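Just below is one structure, and these are the notes that go with it.
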Amino acid sequence: MAKTQLGARVDEEVAELARRRAADRNLSLGDYLAQLVMEDASGIREHAMAAAARFIEDHGAVFDEAEEAQQAGPGTRAA
């Protein structure tokens with residue numbers, strides 16, 4: 001597939017974050033951005049975010065209890 005060069009202006013903070021996230025995934029910045037666009041266009045990101053929201057809704061209380069027990073100190077455990 002032929003490649004096209006794009007240009008965009010973003011805040012330096014956003015640019016640095018994009019560079020770090022690309023590096024975390026062992027991708028070039030261009031490949032990382034292309035992957036994000038493809039995921040967005042295909043709906044994968046939307047489905048993943050919806051699944052994450054359902055998981056938190058269904059199981060969030062367990063994590064809340066564990067965090068509360070951890071903050072309560074030694075000898076306290078979450079159910």
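Values in this document were obtained by computation on a predicted structure and should not be read as measured data. In this chain, residues are counted from 1 in sequence order.
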Subject >> Salt bridge flag under 4.0 Å for residues R19 and E16 >> reply: yes
To the nearest 0.5 Å, what is the distance between [atom1] on [X] and [atom2] on [Y]?
| X | Y | atom1 | atom2 | result |
| --- | --- | --- | --- | --- |
| E57 | R54 | CD | CZ | 9.5 Å |
| D11 | L17 | CG | CG | 11.5 Å |
| R21 | L36 | CZ | CG | 9.0 Å |

Taking it one step at a time, do I44 and H47 satisfy side chain to side chain contact (heavy atoms under 4.5 Å, CB included)? CA-CA 5 Å; I44 289 173; H47 291 296; 5.8 Å; no
Closest non-hydrogen contact found for D31 with S28 is N-OG, 3.0 Å
Between A22 and Y32 the two heavy atoms that sit nearest each other are CB-CB, 3.6 Å
Exercise. Around E39, counting heavy atoms of other residues, nucleotides and ligands shown, do more than 12 lie under 6.0 Å from its CD?
Worked result: yes
Let's go through Q35 and R25 carefully: what are the C-alpha distance in whole Å and the side-chain angles of both, what is the deciding distance for side chain to side chain contact (heavy atoms under 4.5 Å, CB included) to 0.1 Å, and is it a yes or a no? CA-CA 11 Å; Q35 185 178 59; R25 295 179 176 167; 4.0 Å; yes
*ILVMFWY network linking L27 to L29, side-chain heavy atoms under 4.5 angstrom*: yes
